[in-house]
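Below is one structure; the comments refer to it alone.
The model shown is predicted, which means the values in this text are computed figures rather than measured ones.
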Amino acid sequence: MVTLYGKSIFKDVCIGRIYYYSPKATKAAPYRIDDPEREIQLYRAANEKAKTQLNELYDKTLKDMGAQNAAIFDAHRILLEDEEYRQAIEKTIEEKMVNAAYAIQLAGTRFAGIFRDMDSEYMKERAADVMDVTERLIKILLGGMDEKERFNEPVILAANDLTPSDMMLFPKDKLLGFILEQGSENSHTAILAKSMGVPALISVKADSLVSCDNKYAILDGVNGVVYIEPDEKTISGFNIKLNEIKNKKKELLALKGQESITLDGKKICLYANAGSMDDIKNAVENDAEGIGLFRSEFLYMEKDDFPTEQELFEAYKQVLTTMGGKRVIIRTLDIGADKKAPYFRLKDEENPVLGYRALRICLDRPEIFKTQLRALYRAGYYGNLSILIPMVISLEEIRKVKEIIKIVKNELKQENKPINDSIELGIMIETPAAALISDRLAKEVDFFSIGTNDLSQYTLAIDRQNHELLPFFDPRHEAIFKLIKMSVDAIHKEGKWAGICGELGADTEVTSRLLELGIDEFSVSPGVLLEVRKKIRESYAGSLNGADITI
Ligand code: PEP
Ligand code: MG
């Protein structure tokens, strides 16, 4: 038996087979072939398939976002038809007797290099297009990229690290738990794992986790331990712990249907964080009183191309109707940094977390923002919707958002589309700048939702993705509480409410403190809702800061 230690991010236990996942590279390994004609046919078929994909992307983008945005797919299609590119690939297959995917990789790298060496900035940028087309072809050829087909029994997923997009490849009903060698508490990967409500460990110290592939293991998320090939004694200890956890869960179930009310009578709204319909179902099962944060970017990340207004509308409507009249706060696109979708074509940045992301993208590319807002205002007609804007740092930004909303609403009215005209608008307080000018921002919006994940990252200057900084990271740092207090006081002064949707809101060690600071709404992962309700019911709101606030 081998014992490994890590940091737990969800306290539960499981037993099962380990599945070690290495993210798929779009790189092809070379191997010798003996039928070059067959490889050439494979390449040509992949080329045709890529062209079909690009034609579809072109049509869809043209319809949704205009000719300028669609042009890129046309350029890619032209590259696929380039005679020199084609000849280079076919010649490599014939002369080197290598597989088509590898020949494509060689040609792509060489052509991209030629562009990169050119003087003009414009031509240099074409290198990325060549690599994009090349990777598209390789992906088609490697086929079977779908992890979903790789395992049919539930497994403990182990990996060095996973991006949020990697996470979305896995069917949630096949996951017993997670073990990551890297990872950090507030990373979106950890948040996604938490929202699935399965035991998960990050920063697991192991000489070679890959060698644990296919072995049976016990994952103890309560104590932060993994036992690989556990002995009899460990297995019986596990069974005892499993029973304890079952009993604790049973106790918590008794809180379903109960109010989230403090001992001194302040009624708190206890909502759930979600990013998918699975999370919404999980939230309903755990008696969420609403959805406090719907991370809308995950819908975008599941797609190969921009979702249409209709697709977004239907997805939001489904969330709203499933919640049956309870409040649903949908956050507008928070794409960028670690949350990527290739079709956004975001450039690599030195400091992506401080870079082109979230509201900045929406204001810079208003056609994307308007499509989302149109879908939101239309869906709002079918439920109790509020809209939340991420990454705000200034009054100007929120005023621009309101102008765009006005335009969108007018357009929809002119088109006679049924809309909800009075959707509440809130902002995330997740930058120190927003907290520091919260008195002014409070006059512009209907509510605040405090995002402590980013607020801690920016206040403490600690990259939330960097697991090596874990020893320095203190999510309960006094500076965070000061900024929370400042923001809550500012919004209360305007007679409006404040929620918390960052992970600190799920830390039951600080529930009482957050209540004393006046937090009116907690939004947490579905799996911890009842635990937080229990804590709220055992706490005082103290001075009843915000007692006159109605949500
Ligand atoms: C936050 O920053 O606290 C937050 C809730 O948003 P996200 O984790 O999606 O960045
Ligand atoms: Mg955030």
Side-chain angles (χ1 to χ4, degrees), residues 10 12 164-165 167-175 188-198 200 249 252-253 255-257 260 269-303 307 310-335 339 372 375-388 390 420 423-424 426 428 449 451 453 499-503 505-506 521-533 551:
F10 193 84
D12 204 341
S165 318
M167 291 279 290
M168 290 161 67
L169 289 172
F170 297 97
K172 296 186 178 144
D173 57 340
K174 295 276 168 58
L175 291 175
H188 285 101
T189 302
I191 289 169
L192 281 173
K194 236 183 258 185
S195 76
M196 291 181 201
V198 291
K249 279 187 187 163
L252 287 175
L253 285 184
L255 288 171
K256 274 197 188 182
S260 306
C269 291
L270 181 58
Y271 295 166
N273 290 344
S276 64
M277 267 321 284
D278 279 339
D279 292 345
I280 297 288
K281 284 182 197 132
N282 210 349
V284 172
E285 236 160 68
N286 284 285
D287 203 23
E289 296 160 33
I291 299 298
L293 169 65
F294 186 83
R295 291 182 164 97
S296 70
E297 53 278 5
F298 289 117
L299 284 179
Y300 288 73
M301 289 161 67
E302 278 169 11
K303 303 241 165 227
Q310 190 61 20
E311 282 169 337
L312 292 173
F313 162 73
E314 274 157 23
Y316 301 152
K317 185 176 160 197
Q318 196 187 1
V319 172
L320 284 159
T321 47
T322 307
M323 290 312 292
K326 290 181 175 163
R327 186 197 296 269
V328 173
I329 303 175
I330 298 186
R331 180 175 72 185
T332 57
L333 249 188
D334 187 10
I335 204 100
K339 290 181 283 191
Q372 181 174 37
L376 284 168
Y377 275 89
R378 283 175 56 202
Y381 185 74
Y382 300 91
N384 181 359
L385 174 66
S386 303
I387 294 178
L388 180 61
N420 179 348
I423 292 176
E424 283 199 353
M428 300 274 301
S449 186
N453 307 337
I500 181 166
C501 60
E503 292 305 307
E521 176 251 354
F522 286 66
S523 190
V524 299
S525 299
V528 295
L529 274 163
L530 294 174
E531 224 172 303
V532 176
R533 176 172 293 160
I551 300 196

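Taking OG of Ser296 as the start and CD of Gln372 as the end, the distance is 4.0 Å to the nearest 0.5 Å. In this structure, the separation between CG on Leu388 and CD1 on Ile330 is 10.5 Å, given to the nearest 0.5 Å. Note: Leu175 CG to Met196 CE = 6.0 Å, rounded to the nearest 0.5 Å. In this structure, Ile329 CD1 and Ile291 CD1 are separated by 9.5 Å, a value rounded to the nearest 0.5 Å. Within the model, atoms CG of Leu376 and CZ of Arg331 stand 13.0 Å from one another, a figure rounded to the nearest 0.5 Å. Residue Met301 holds its CE atom at 10.5 Å from CG of Leu333, rounded to the nearest 0.5 Å.
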Practice prompt. Decide yes or no on side chain to side chain contact (heavy atoms under 4.5 Å, CB included) for Val328 and Tyr271, but give the supporting numbers first.
Written response: CA-CA 9 Å; Val328 173; Tyr271 295 166; over 6 Å; no
Worksheet item: Does the side chain to side chain contact (heavy atoms under 4.5 Å, CB included) test come out yes or no for Leu529 and Asp287, once each step is laid out?
Response: CA-CA 8 Å; Leu529 274 163; Asp287 203 23; over 6 Å; no
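A cation-pi contact, defined as under 6.0 Å to the ring centre and within 45° of the axis, links Lys317 to Tyr382.
Judged as a side-chain hydrogen bond (donor to acceptor under 3.5 Å, both in side chains), and not counting sequence neighbours, Tyr377 has no contacts. By the side-chain hydrogen bond (donor to acceptor under 3.5 Å, both in side chains) test, Glu531 pairs with no residue at all, sequence neighbours left out. Qualifying side-chain hydrogen bond (donor to acceptor under 3.5 Å, both in side chains) partners for Glu521, counting only residues two or more places apart in sequence or in other chains: none.
Contact check for Thr322 versus Val319: no side-chain heavy atoms found under the 4.5 Å cut-off. A 4.5 Å side-chain heavy-atom check between Asp12 and Val198 finds every atom pair outside the cut-off. At a threshold of 4.5 Å between non-hydrogen side-chain atoms, the residues Cys269 and Phe522 do not count as touching.
Side-chain atoms of Lys256 come within 3.5 Å of backbone atoms of Glu285 as a donor-acceptor pair (strictly under, hydrogens ignored). A donor-acceptor distance shorter than 3.5 angstrom exists from the side chain of Ser523 to the backbone of Ala272, with no hydrogens or angles considered. Listed for the Lys326 side chain is no donor-acceptor partner under 3.5 Å among the backbone atoms of Gly383. The backbone N or O of Met428 lies less than 3.5 Å from no partner atom in the side chain of Ser449, so there is not a single donor-acceptor pair.
The nearest pair of heavy atoms linking Ala315 to Leu299 is CB-CD1, 3.7 Å. When all heavy atoms are compared, the tightest approach of Tyr300 to Pro307 is CD2-CD, 3.5 Å. In terms of heavy atoms, Thr332 sits closest to Pro390 at OG1-CD, 3.2 Å. Smallest separation of non-hydrogen atoms from Leu530 and Leu255: O-CD1, 3.6 Å. Across all their heavy atoms, Gly505 and Ile500 have their closest contact at N-CD1, 3.8 Å.
Looking at Gln310 and Glu314, their side chains do bring a donor and an acceptor atom within 3.5 Å of each other. Donor-acceptor pairing under 3.5 Å is lacking for the side chains of Ser525 and Asn273. No side-chain donor-acceptor contact under 3.5 Å links Glu311 and Tyr316. Between the side chains of Asn282 and Asn286, at least one donor-acceptor pair of N or O atoms lies under 3.5 Å.
One finds a salt bridge joining Lys339 and Asp334 here, because a Lys/Arg side-chain nitrogen approaches an Asp/Glu carboxylate oxygen to under 4.0 Å. Salt bridge annotation for Arg533-Glu289: present, with a cationic side-chain nitrogen under 4.0 angstrom from a carboxylate oxygen.
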